[in-house]
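The structure appears right after this line, and notes come after that.
Computation of the quantities below employed the complete heavy-atom set of this structure, encompassing side-chain atoms and omitting hydrogens, waters and symmetry-equivalent molecules. Everything numeric here is computed off the predicted structure, so don't read it as measured data. Just so it is clear: chains get the letters A, B, ... in the order the sequence lines come, proteins before strands, and each one is counted from 1.
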Protein chains: 2
Amino acid sequence: MIPFPKATLPNKCSTCVLGQFCLPIGLTSDDLNKVDELVKERISLKKGERLYRHGNAMSSVYSIRFGTLKTEHVLPDGRLQIIGFHLPGEILGLDAIGEGQHQSDAVALEDSEACVIRFDEFESLARQIPVLQHQFHRILSRELTQDQRHLLSLGSLRAEERLAGFLLNLSERLAARGYVNHEFDLRMSREEIGSYLGIQIETVSRMLSRFAESGLIQIKQRHVKLIDMEGLCELAGLPKPNQPQEIKICT
Amino acid sequence: MIPFPKATLPNKCSTCVLGQFCLPIGLTSDDLNKVDELVKERISLKKGERLYRHGNAMSSVYSIRFGTLKTEHVLPDGRLQIIGFHLPGEILGLDAIGEGQHQSDAVALEDSEACVIRFDEFESLARQIPVLQHQFHRILSRELTQDQRHLLSLGSLRAEERLAGFLLNLSERLAARGYVNHEFDLRMSREEIGSYLGIQIETVSRMLSRFAESGLIQIKQRHVKLIDMEGLCELAGLPKPNQPQEIKICT
DNA sequence: CGAGCGTTTGAAATCGGTCAACAGCAGTGG
DNA sequence: CCACTGCTGTTGACCGATTTCAAACGCTCG
């Protein structure tokens with residue numbers, strides 16, 4: 001159940017299965033060829049290896065070809081906050097454009113590969129291809145929206161709600177990439193989930209057990225099956241089909 | 001102590017005092033004139049009025065000419081999360097590019113004014129002016145970085161640390177706009193600070209009192225004076241003031 | 001001057017954190 | 001094949017930071 005196994009991936013954007021999730025959405029084949037020329041390099045990462053580190057000079061952004069990455073910020077005293085989990089087709093390194101230095105660490109959660117996009121060359125190409133320019137702006141904007149949803153979660157939701165939202169968000173993003181949306185493998189540890197959601201590992205574990213007890217999900221190790229999507233949505237405080245109602249809490 | 005009072009502001013970017021904080025950093029005067037033509041409209045907001053609402057179709061982004069705005073997300077059940085406080089020169093509405101609809105509400109915290117930037121026209125201009133294009137990317141990127149710092153705060157810091165960081169962040173941004181950086185008026189209520197930081201209003205109040213007791217700040221109503229910047233930085237888990245220092249990562 | 005709101009302060013309740021023990025599975029090596 | 005080891009995840013009991021509830025204070029403005 002590895003997403004988009006390497007073997008099936010061509011080396012060109014023009015024929016990459018990720019086309020519809022990645023940068024070059026909506027380009028003509030002529031323009032696609034230009035993007036092909038832009039992406040001259042790829043980086044393979046073993047589980048645990050870093051794509052970039054906080055403070056590294058930035059010259060490129062990266063699109064994930066396969067695998068899963070996390071981005072995180074580390075505090076001087078060792079505490080760390082995971083900012084995001086990143087799936088194939090997503091662009092990494094965008095937060096480095098502002099200062100010319102990466103503002104976070106990007107670590108592979110499993111063996112992964114990323115396409116290297118030289119940023120100055122990209123900007124130049126984006127000036128020639130309006131669709132590409134706009135697509136890039138959309139990507140940046142969606143990144144903002146995603147972070148803001150995350151903020152909403154950390155600032156206003158209880159542990160239970162955060163976790164339900166997390167599972168649904170993951171499910172949705174996997175589904176968009178062609179997977180069945182109700183069953184998947186978590187690529188991250190309980191600790192990483194906890195860091196992402198601003199709660200402790202024990203709380204993650206307890207909440208997952210409670211969800212399972214309530215019949216909302218099945219979980220064995222890192223394999224999750226979402227059983228009662230509607231119930232999860234309700235729990236996550238999300239407006240789900242037909243019923244924006246009170247939040248039901250299961251004991 | 002109103003920032004950049006209306007009377008002092010010209011109607012053109014080319015002569016606006018905000019030049020160095022706003023979109024047109026580093027443009028030649030020729031290019032500046034083109035930006036002038038782009039910004040045909042301005043919107044005045046009374047305290048409490050909205051610049052846009054969640055779900056509104058998006059056609060423009062906005063730069064704040066004077067005043068202060070907040071952006072917030074509202075949950076179906078009424079809970080709300082303030083995403084950011086926005087000062088003159090900052091660009092609002094960027095999170096709407098992705099979906100073509102505003103993803104949050106933007107509300108004036110005091111009488112304010114914003115420049116309207118038609119986004120399609122802007123993209124067209126950005127294709128002609130590389131510096132403008134890059135500046136826009138930097139702005140988007142910094143927005144991401146800001147949100148990620150906020151995530152770090154909500155996910156990993158205790159109430160005390162969040163509040164110290166908040167005061168320092170505000171101070172820094174005001175200083176960048178030419179104010180003394182240790183004394184200013186809060187434009188937002190305790191409740192709004194609490195929402196922004198993911199804590200309750202009573203906690204905000206208690207922590208502020210505690211800071212004052214400890215001699216870190218003086219506070220009377222909404223007027224704050226930062227006394228012990230270094231102490232605040234320490235509390236916020238930040239390196240000392242004015243010393244950007246590298247974070248060393250041990251593997 | 002009094003109404004109304006925003007803010008502060010105190011006391012009690014609670015959610016999630018911390019500490020601790022244990023279970024489950026993977027990998028290693030005898 | 002099984003014991004040993006180490007890591008990750010689970011569960012229980014207790015604790016504490018923050019929330020919640022409640023009441024008083026003090027601006028601001030009509």
Side-chain angles (χ1 to χ4, degrees), chain A residues 47-48 70 77-82 109-110 153-167 185-214 217-224 235 237 247 249-251, chain B residues 46-48 70 77-82 107 109-111 153-167 185-214 217-224 235-237:
Chain A
K47 180 175 176 173
K70 65 174 172 179
D77 67 3
R79 281 180 287 184
L80 79 74
Q81 175 67 38
I82 292 182
L109 292 179
E110 60 184 321
S153 174
L154 297 196
S156 298
L157 302 187
R158 289 170 311 105
E160 202 175 43
E161 301 172 306
R162 294 182 202 181
L163 192 54
F166 168 73
L167 291 174
D185 283 315
L186 298 170
R187 292 276 142 58
M188 64 294 290
S189 69
R190 301 290 191 269
E191 181 155 23
E192 287 164 331
I193 296 173
S195 168
Y196 178 76
L197 296 175
I199 57 186
Q200 292 307 111
I201 178 175
E202 293 93 333
T203 305
V204 175
S205 188
R206 270 185 258 273
M207 295 296 157
L208 285 175
S209 302
R210 193 194 291 181
F211 287 178
E213 254 175 66
S214 315
I217 66 172
Q218 284 173 12
I219 185 160
K220 192 182 178 187
Q221 300 292 112
R222 296 190 177 185
H223 188 78
V224 196
L235 207 52
I247 293 176
I249 296 161
C250 313
T251 1
Chain B
K46 291 259 165 61
K47 179 175 175 172
K70 64 174 173 179
D77 67 3
R79 281 180 288 185
L80 80 73
Q81 175 67 38
I82 293 182
V107 186
L109 293 179
E110 60 184 322
D111 293 359
S153 174
L154 297 197
S156 296
L157 302 187
R158 289 171 310 107
E160 202 175 43
E161 300 172 307
R162 294 183 202 182
L163 192 55
F166 168 72
L167 291 174
D185 282 314
L186 298 170
R187 291 276 143 56
M188 64 294 288
S189 68
R190 302 290 191 268
E191 180 154 24
E192 287 164 333
I193 296 173
S195 168
Y196 178 77
L197 296 176
I199 57 187
Q200 291 311 110
I201 177 175
E202 293 93 333
T203 305
V204 175
S205 187
R206 271 185 256 273
M207 296 296 155
L208 286 175
S209 302
R210 192 194 291 178
F211 287 178
E213 252 176 69
S214 317
I217 65 172
Q218 283 173 13
I219 185 162
K220 191 181 178 188
Q221 299 295 114
R222 296 190 178 185
H223 188 78
V224 196
L235 247 184

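- A heavy-atom distance below 4.5 Å is not found between the side chains of L208(B) and V224(B).
- Sequence order on DNA chain C of the closest nucleotides to E191(B) and Q200(A) puts E191(B) first from the 5' end.
- For the pair H223(A) NE2 and dT8(D) P, the computed distance is 21 Å after rounding to whole Å.
- Residues R210(B) and E202(B) each lie close to DNA chain D; by heavy-atom proximity, the contact nearer the 5' end of the strand is made by R210(B).
- Taking atom CG of residue L163(A) and atom C1' of nucleotide dG17(C), one finds them 16 Å apart after rounding to whole Å.
- Here dT14(C) presents its P atom at 16 Å from CD of E160(A), a figure rounded to the nearest Å.
- Checking dC27(D), dT8(C), dG16(C) against the side-chain heavy atoms of S209(B) singles out dT8(C) as nearest.
- Comparing R206(B) and S189(B) by the nucleotide of DNA chain C that holds the closest heavy atom to each, the one mapping nearer the 5' end is S189(B).
- Note: CE (M207(A)) to C1' (dT10(D)) measures 14 Å, nearest angstrom.
- Of the inter-residue distances, the one linking S195(A) atom OG with I201(A) atom CD1 reads 11.0 Å to the nearest 0.5 angstrom.
- In this structure, the nucleotide among dG17(C), dT18(D), dT11(D) sitting nearest to the side chain of S205(A) is dT11(D).
- Between R158(A) and dT19(D) there is no side-chain N or O to OP1 or OP2 distance below 4.0 Å.
- Here the P atom of nucleotide dG6(C) and the CD atom of Q221(B) are 13 Å apart, to the nearest Å.
- Whole-Å rounding puts the K220(B) NZ to dT7(C) P distance at 15 Å.
- If you take CG of L154(A) and C1' of dG16(C), they are 14 Å apart, rounded to a whole angstrom.
- Residue-environment remark: CD (E191(A)) stays at or below the threshold of 12 foreign heavy atoms within 6.0 Å.
- Pairing each heavy atom of F211(B) with each of E160(B), the nearest pair is CZ-O, 3.5 Å.
- For dG17(C), one of the phosphate oxygens OP1 or OP2 lies less than 4.0 angstrom from a side-chain nitrogen or oxygen of T203(A).
- We find that CZ of R190(A) is positioned 9 Å from C1' of dT10(D), with the value rounded to whole Å.
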